[in-house]
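These values consider heavy atoms only, across backbone and side chains, with no hydrogens, waters or symmetry-generated copies.
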Amino acid sequence: MNPQPRLHALDNLRAIMMWLGIVIHVCVNHVVGEFPIPWRDSKQTLVADMLGAFIHSFRMPVFFVVAGFFVAMLLAQRGPWGMLKHRAKRLALPFAIFWPLIFPATIVLMMLFVHQMVRGTFGLDPTIIPKPPSGVLISTLHLWFLYLLFWFCALVAIVAAVGQHFSALIPASGLTALQKYFYALMVNYWGVLLLALPLAFIGSTFKGGVLTVTGSFFPPMGEWIHHGLFFIAGLVLYRYQQPALALLTKRCWSYVIVGLVVYAAWVFLYLYDLQNPLSLPQPMFVMAYAYNCSTWLLSFGTIGAFLRYCPRQTPLLQYLAASSYWSYLVHMLGTIGFGALLYQAPLSALAKMSINMIATTAFCLVTYQLFVRGRVIGRLLNGGQKL
């Protein structure tokens with residue numbers, strides 16, 4: 001089968017979503033609300049809470065939708081085992097190489113940050129580190145996305161292979177019908193109300209109704225379902241790509257506007273609950289439902305906006321796309337490390353956030369240029385095509 005033309009809009013989209021990870025992980029240093037990390041700057045602002053929650057509402061969902069789309073493309077071009085082999089090289093191998101390096105480095109930086117908080121100096125004392133609320137001591141960190149995505153790819157490969165060899169067990173007509181129904185949910189506004197329901201039930205057990213990822217090597221079922229729905233949306237998007245991509249492009253602004261209105265409703269509910277705890281009936285479910293409705297809408301709107309306004313790669317976008325995987329891997333070292341350095345600086349929270357974002361971005365770009373671009377690591381991460 002001839003490979004289909006490259007959708008550069010999705011490459012551009014994925015790159016920007018990766019770079020937004022710097023913004024989110026700088027924000028967590030300064031949030032006012034509860035957050036399952038042991039480090040926190042003394043200067044905090046609700047801007048960090050709202051900005052981080054807003055980006056989080058669509059960033060990872062968009063990742064999984066785009067990932068599902070490209071997995072379906074590879075499945076059509078290479079078959080189940082060819083797809084899985086490709087994904088192993090791009091997902092499992094980088095995880096296996098970089099996680100053993102990034103995990104201890106992150107722990108050291110975290111201890112330096114917490115030592116600043118507790119004792120006012122840099123130091124390494126594991127006894128002052130509180131146990132994580134999830135109980136997960138050895139986690140996948142922010143690389144949980146690579147880990148979970150590879151297992152989704154493995155499941156797709158198994159289902160596709162079984163379907164090829166045992167068609168009576170998985171009838172093609174049944175899969176087509178399921179895809180058709182899921183597509184109907186995706187392209188109708190009432191469908192968003194239904195798609196958000198399972199996510200709301202999962203999110204209702206978390207503060208603010210927002211799912212918190214454990215980073216466990218054995219993720220709870222809620223994480224599989226939550227992220228799996230967006231991954232399935234990507235698979236279906238590829239199946240109906242011509243009408244679906246055209247529809248997302250046409251409706252991008254309506255999705256974004258309605259999504260922002262619903263997100264504003266979540267902000268109101270979140271702030272109201274902070275001031276008046278337990279006064280809302282089923283507050284976490286209501287907030288989770290509003291948040292996840294906005295998640296679907298903003299995700300579809302963001303994808304449509306990139307299809308509409310960024311259909312081609314400029315030299316700058318191409319460079320950002322090529323460097324984004326490396327940035328995704330190492331940016332937490334910057335956001336935590338520079339956060340520790342800035343802890344005692346007599347600056348406002350917004351000033352510290354701005355400096356950290358700039359410094360971490362520079363760290364990612366400089367290390368990419370010196371150690372990754374055109375070298376073995378670059379070929380490992382990006383290969384011939386950055387799928």
Candidate pair Val118 and Asp125, rule side-chain contact (heavy atoms from CB on, under 4.5 Å), full reasoning:
CA-CA 10 Å; Val118 176; Asp125 184 355; over 6 Å; no
Start with the C-alpha distance between Phe103 and Ile138, add both sets of side-chain angles, then the distance that settles side-chain contact (heavy atoms from CB on, under 4.5 Å), and finish with yes or no.
CA-CA 8 Å; Phe103 181 79; Ile138 301 178; 4.1 Å; yes
Might you work through the side-chain contact (heavy atoms from CB on, under 4.5 Å) test for Met284 and Asp273, ending with a clear yes or no?
CA-CA 9 Å; Met284 291 306 115; Asp273 187 64; 3.6 Å; yes
Decide side-chain contact (heavy atoms from CB on, under 4.5 Å) for His331 and Phe363; before the verdict, give the C-alpha distance in whole Å, the side-chain angles of both, and the deciding distance to 0.1 Å.
CA-CA 8 Å; His331 75 275; Phe363 163 72; over 6 Å; no
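Under the 3.5 Å distance criterion, the side-chain polar atoms of Asn292 are left unmatched by any main-chain donor or acceptor of Leu197. Although no hydrogens or angles enter the test, the distance criterion places no donor-acceptor pair under 3.5 Å between the side chain of Ser327 and the main chain of Ser323. Judged purely by atom type and a 3.5 angstrom limit, Asn356 has no side-chain atom pairing as donor or acceptor with the backbone of Lys352.
Val372 is not listed as a side-chain neighbour of Thr367, based on a closest heavy-atom distance of 4.5 Å or more. Taking the side chain as every heavy atom from C-beta outward, Cys153 and Leu91 approach each other to under 4.5 Å. Side-chain atoms of Leu146 and Tyr328, non-hydrogen and from C-beta on, do get closer than 4.5 Å to each other. The side-chain heavy atoms of Leu195 and Phe182, taken from C-beta on, include a pair separated by under 4.5 Å. Counting only heavy atoms from C-beta outward, the side chains of Leu271 and Leu46 approach each other to under 4.5 Å.
Around the CZ atom of Phe217, the shell of radius 6.0 Å holds more than 12 heavy atoms that belong to other residues, nucleotides or ligands. Other residues, nucleotides and ligands contribute at most 12 non-hydrogen atoms within 6.0 Å of the CZ atom of Phe268. A 6.0 Å sphere centred on CZ of Phe206 holds more than 12 heavy atoms belonging to other residues, nucleotides or ligands.
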Could you give the side-chain donor-acceptor pairs of residues 221-230 under 3.5 Å, partners two or more places apart or in another chain?
from, atom 1, to, atom 2, distance (Å)
Glu223, OE2, Thr214, N, 2.9
Glu223, OE2, Thr214, OG1, 2.9
Trp224, NE1, Pro219, O, 3.1

List the atom pairs, donor and acceptor, that lie under 3.5 Å between side-chain atoms in residues 55-71 and the rest of the protein, sequence neighbours left out.
from, atom 1, to, atom 2, distance (Å)
Ser57, OG, Phe54, O, 2.5
Arg59, NE, Met17, O, 2.6

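Residues Met50 and Trp266 share a closest heavy-atom pair of CE-CZ3, 4.3 Å. Nearest heavy atom pair, residue Ala157 against residue Pro80, reads O-CB, 3.5 Å. Scanning both residues, Gly339 and Phe113, for their nearest heavy atoms gives C-CE1, 3.4 Å. Contact between Thr45 and Ala349 at its shortest, heavy atoms only, is CG2-CB, 3.7 Å. Nearest heavy-atom pair across Trp296 and Val192 is CB-CG1, 3.9 Å. Minimum heavy-atom separation, Asn382 to Tyr325: OD1-CB, 4.2 Å.
Between Tyr343 and Phe122, a ring centre-to-centre spacing not shorter than 6.0 Å is recorded.
His30 is linked by a side-chain hydrogen bond (donor to acceptor under 3.5 Å, both in side chains) to nothing, counting only residues two or more places apart in sequence or in another chain.
No side-chain donor from either of Tyr289 and Ser204 sits under 3.5 Å from a side-chain acceptor of the other.
Checking each of Gln369, Gln313, Arg373 against Tyr319 for a side-chain hydrogen bond (donor to acceptor under 3.5 Å, both in side chains) leaves exactly one that passes, namely Gln369.
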